[in-house]
Amino acid sequence: MINHVWGLFAHPEPEMQQIKREHESVPHLYMHHVMLMAAIPVVCSFIGTTQIGWSFGGDEYLRVQPATALGIAVAFYLLMLGAVAVMGRVIHLLASRYPGRPSRNDCIVFAGYVATPMFLSGVVALYPMVWLCLFVGALALAYSGYLLAVGMPAFLGINRQEGMLVFGSTLGIGVLVLELLLALAVMMWGYGAHFF
């Protein structure tokens, strides 16, 4: 739930254990966490690209018309919701070879909470400078990787030594999914843009 956000930053391992004890369902996760958190980068991108415009470091800004931005925002939001489910299924597949195999439900819930730093990094899109968004996104990705490493034993029951393959593969696939999302976002947000 949204109340776990602070705990994921202040004390991630105990927070992951607490989330695990709650046995949250996927619909509950989406309604109380993912749908709210995924709205952060969408709303911030909408405001930033329609009011300020994308900046590549020069004096020109690329703005998106509000009507176009609304359609792009909806598509971007749906892509992020789908990405959490895809990553949960990837984790489930990769963790299937371990004796205490986590359920698909647990893996999707885990993916939803691991994505929290990525969702929060979307705040920076209020002032959409490309280099700033990339920098903050890289920091968020690093912290999501940390949550993945911390959460594997606490949430999935896979110890760190055995889980290096799951960790490395999940992180690699997660980076690919993120790159795909970013490429689609840049294409979509740049679709209706014009210079001011």
Which pair of non-hydrogen atoms, one from [X] and one from [Y], has the smallest distance, and what is that distance?
{"X": "Phe167", "Y": "Met152", "result": "CB-SD, 3.6 Å"}
{"X": "Leu94", "Y": "Ser169", "result": "CD1-CB, 3.5 Å"}
{"X": "Ser45", "Y": "Phe76", "result": "OG-CE2, 4.2 Å"}
{"X": "Pro102", "Y": "His92", "result": "O-CD2, 3.2 Å"}
{"X": "Leu171", "Y": "Gly145", "result": "CD1-CA, 4.0 Å"}
{"X": "Ala85", "Y": "Tyr30", "result": "N-OH, 3.2 Å"}

Problem set entry | In one Ile/Leu/Val/Met/Phe/Trp/Tyr side-chain cluster, 4.5 Å: Leu176, Val86 | no
Exercise. If two hydrophobic side chains count as joined below 4.5 Å and joins carry through other members, does Val175 share a cluster with Leu93?
Worked result: no
Does any N or O in the side chain of [X] come within less than 3.5 Å of the main-chain N or O of [Y], such that one atom is a donor and the other an acceptor?
{"X": "Thr68", "Y": "Val64", "answer": "no"}
{"X": "His32", "Y": "His28", "answer": "yes"}
{"X": "Ser121", "Y": "Met118", "answer": "yes"}
{"X": "Tyr77", "Y": "Met35", "answer": "yes"}
{"X": "Ser144", "Y": "Val114", "answer": "yes"}

What I'd like to find out is whether the side chain of [X] reaches to under 4.5 Å of the side chain of [Y], using heavy atoms alone.
{"X": "Val109", "Y": "Phe155", "result": "yes"}
{"X": "Pro117", "Y": "Phe9", "result": "yes"}
{"X": "Ile108", "Y": "Met87", "result": "no"}
{"X": "Arg63", "Y": "Thr50", "result": "no"}
{"X": "Asp106", "Y": "Ile91", "result": "no"}
{"X": "Leu36", "Y": "Phe119", "result": "no"}
{"X": "Arg89", "Y": "Cys107", "result": "no"}
{"X": "Leu147", "Y": "Tyr113", "result": "no"}

Quick one: pull up [atom1] in [X] and [atom2] in [Y] and give me the separation to the nearest 0.5 Å.
{"X": "Trp6", "Y": "Glu15", "atom1": "CH2", "atom2": "CD", "value": "11.0 Å"}
{"X": "Ile72", "Y": "Leu79", "atom1": "CD1", "atom2": "CG", "value": "12.0 Å"}
{"X": "Leu148", "Y": "Met16", "atom1": "CG", "atom2": "CE", "value": "8.0 Å"}
{"X": "Ile52", "Y": "Leu126", "atom1": "CD1", "atom2": "CG", "value": "7.5 Å"}
{"X": "Leu29", "Y": "Met37", "atom1": "CG", "atom2": "CE", "value": "11.0 Å"}
{"X": "Thr49", "Y": "Gln65", "atom1": "OG1", "atom2": "CD", "value": "10.5 Å"}

Exercise. Side chains of Thr116 and His4: donor-acceptor distance under 3.5 Å anywhere?
Worked result: no
Problem set entry | Arg21 and its side-chain hydrogen bond (donor to acceptor under 3.5 Å, both in side chains) partner, picked from His23, Glu24, Gln18 | Gln18
Exercise. Hey, is OH on Tyr146 packed in by over 12 heavy atoms from elsewhere, all under 6.0 Å?
Worked result: no
